[in-house]
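A quick write-up on the structure given underneath.
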2 protein chains.
Amino acid sequence: MTDTEWLRLDRQICFSLHAASRAFNGVYRVILKDLGLTYPQYLVMLVLWEQGDLPVKALGEHLRLDSGTLSPLVKRLEGIGLVRRERSAQDERSVRVRLTEEGVALRERALEVPRRIMGATGFDLTEIAELRERLDRLTTALDAAALAEGR
Amino acid sequence: MTDTEWLRLDRQICFSLHAASRAFNGVYRVILKDLGLTYPQYLVMLVLWEQGDLPVKALGEHLRLDSGTLSPLVKRLEGIGLVRRERSAQDERSVRVRLTEEGVALRERALEVPRRIMGATGFDLTEIAELRERLDRLTTALDAAALAEGR
DNA sequence: ACCAATTTAGTTGTGCACAACTTAATTGTG
DNA sequence: CACAATTAAGTTGTGCACAACTAAATTGGT
């Protein structure tokens, strides 16, 4: 394989992944507009609906996001009335993110989202599972490599 | 499948894709730091190395990015001396992005990037090709769906 | 030839990701 | 106990993505 071919291959891979990520984001953007949520905000709400109230720290561990991303995002969710932030009494450093009535209620309207997404992908459950398995394997390898490369 | 299970599945898929995208970005960030490029800037350079000088419009078509993203990005590339922007004489609306000497020279140093990325993924060429095929299929389906959903 | 529609870049504003930093509270060790 | 190290959250600054818009040049229809 020539150098030129390697670069072409890299362009193809980069582009495919970049484009897929943005396309996914685009479909969620359209579908989530009804709920008034962005894609990352929806991710946070999914975790809260599933896990219940959590400190910002725990939320970050579930989503692999740091406070630099989460702090303003959670403030926006508070701004639209879906959550409240409450500083812990036991540990004054910690801030618990609590779903409001509206936040809990929004879950009902979110129930249709997964089915619409599945329809949009045109993939069946098996293909989704395979893709997910491959992506997770990729992520694990990449995270390890980023560490090894000395992030 | 219950509603709860659907939401959990959606969280898993969203998370996998989101995480993979960010992990990929992270590895490229580390590897591209030596070249002084961000991941999207590297994508632009890859296209220019492959296709030669292009108007901003054509660049956007190759990368599916609009001028809102490309204009400032190309200006930054110009700022670090890798490209020059030249307004076309035939069509004064169009701006051609031209590689400078330094821009051309950087290609030599970029040749090692693809191999390092391949190493980081731990995937072989076949797996990469399969993943790419699947991602492209996904992107096509998602773009069509975003249109249908009325983007 | 004229003018409305289109096209190409660019600008503005919002939100996310992340690095680097700050602040305040807690923990651990001598 | 005292104080250095750690931890949680937040802030600041840079860059990207995208929607909505503007400005200027070109095209096309009449």
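As a basis for the values below, the full set of heavy atoms in this structure was taken, side chains included, without hydrogen atoms, waters or symmetry mates. So you know, we letter chains A, B, ... as the sequences are listed, proteins then strands, and number each from 1. All values derive from a computational prediction rather than experimental measurement.
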Fill in the blank from the handout: Ranking C:dA17, D:dA17, C:dG10 by distance to the side chain of A:Thr69, first place goes to C:dA17

Practice task
Specify the residue among A:Leu73 and A:Gln90 whose closest nucleotide of DNA chain C lies further upstream toward the 5′ end.
Solution key: A:Leu73

Exercise for the section: Compare side-chain N and O positions of B:Arg22 against OP1 and OP2 of C:dC18 and report whether any pair is under 4.0 Å apart. Expected result: yes

Completion exercise
Expected list for residues 38-51 of chain A near DNA chain D, using heavy atoms below 4.0 Å, is none

Handout entry: Under 4.0 angstrom between B:Arg85 side-chain N/O and C:dG10 OP1 or OP2
Key = yes

Completion exercise
For B:Asp10, the salt bridge (charged side-chain N to carboxylate O under 4.0 Å, His left out) test, sequence neighbours excluded, returns none

Scan the side chains in residues 45-56 of chain A for donor-acceptor partners under 3.5 Å anywhere in the protein, sequence neighbours excluded, and list what turns up.
| unit_1 | atom_1 | unit_2 | atom_2 | d |
| --- | --- | --- | --- | --- |
| A:Trp49 | NE1 | A:Gly103 | O | 2.9 |
| A:Glu50 | OE1 | B:Arg11 | NE | 2.5 |
| A:Glu50 | OE2 | B:Arg8 | NH1 | 3.1 |
| A:Glu50 | OE2 | B:Arg11 | NE | 3.1 |
| A:Glu50 | OE2 | B:Arg11 | NH2 | 2.8 |
| A:Asp53 | OD1 | A:Leu99 | N | 3.4 |

Exercise for the section: Could you tell me whether B:Arg134 and A:Glu130 have a side-chain N and a carboxylate O separated by less than 4.0 Å? Expected result: yes

Exercise for the section: Classify the nucleic acid contact of B:Arg96 as base, sugar-phosphate or nothing, counting any heavy atom under 4.0 Å across all strands shown. Expected result: nothing

Practice task
For B:Thr140, check side-chain hydrogen bond (donor to acceptor under 3.5 Å, both in side chains) against everything at least two apart and list the hits.
Solution key: none

Completion exercise
When A:Glu92 and A:Gly68 are each assigned the nearest nucleotide of DNA chain C, the 5'-most assignment goes to A:Gly68

Problem - A:Thr38: side-chain contact (heavy atoms from CB on, under 4.5 Å) partners, not counting sequence neighbours - result: A:Pro40, A:Gln41

Exercise for the section: Compare side-chain N and O positions of A:Lys75 against OP1 and OP2 of D:dT11 and report whether any pair is under 4.0 Å apart. Expected result: yes

Atom pairs under 3.5 Å, N or O on each side, protein against nucleotides 4-8 of chain D: can you list them with distances?
| unit_1 | atom_1 | unit_2 | atom_2 | d |
| --- | --- | --- | --- | --- |
| D:dT7 | O2 | A:Arg93 | NH1 | 3.1 |
| D:dA8 | OP1 | A:Lys57 | NZ | 3.3 |
| D:dA8 | OP2 | A:Lys57 | NZ | 2.7 |

Practice task
List in chain and number order the residues that pass ring pair (Phe, Tyr, Trp, His ring centres under 6.0 Å) with B:Phe24, two or more places apart in sequence or in another chain; answer none if no residue qualifies.
Solution key: B:Tyr28

Fill in the blank from the handout: Looking only at C:dC18, D:dA17, C:dG10, the nucleotide nearest the A:Leu65 side chain is C:dC18

Practice task
Check whether any side-chain nitrogen or oxygen of A:Ser67 sits under 4.0 Å from OP1 or OP2 of D:dA9, and answer yes or no.
Solution key: no

Handout entry: Spacing between A:Leu63 atom CG and C:dC18 atom C1', to the nearest angstrom
Key = 15 Å

Exercise for the section: Taking the six-membered ring for Trp and the full ring for Phe, Tyr or His, determine whether the centres of B:His62 and A:Phe15 are under 6.0 Å apart. Expected result: no

Problem - Interatomic distance, B:Leu59 CG vs D:dA17 P [rounded to whole Å] - result: 12 Å

Completion exercise
Taken in chain and number order and not counting sequence neighbours, the residues that satisfy side-chain contact (heavy atoms from CB on, under 4.5 Å) with B:Arg116 are A:Glu149, B:Ile31, B:Asp34, B:Glu112

Practice task
Please state how far atom CG in A:Asp66 lies from atom C1' in D:dT12, giving the value in whole angstrom units.
Solution key: 13 Å

Exercise for the section: Just jot down the side-chain hydrogen bond (donor to acceptor under 3.5 Å, both in side chains) partners of B:Arg84, sequence neighbours excluded, or say none. Expected result: none

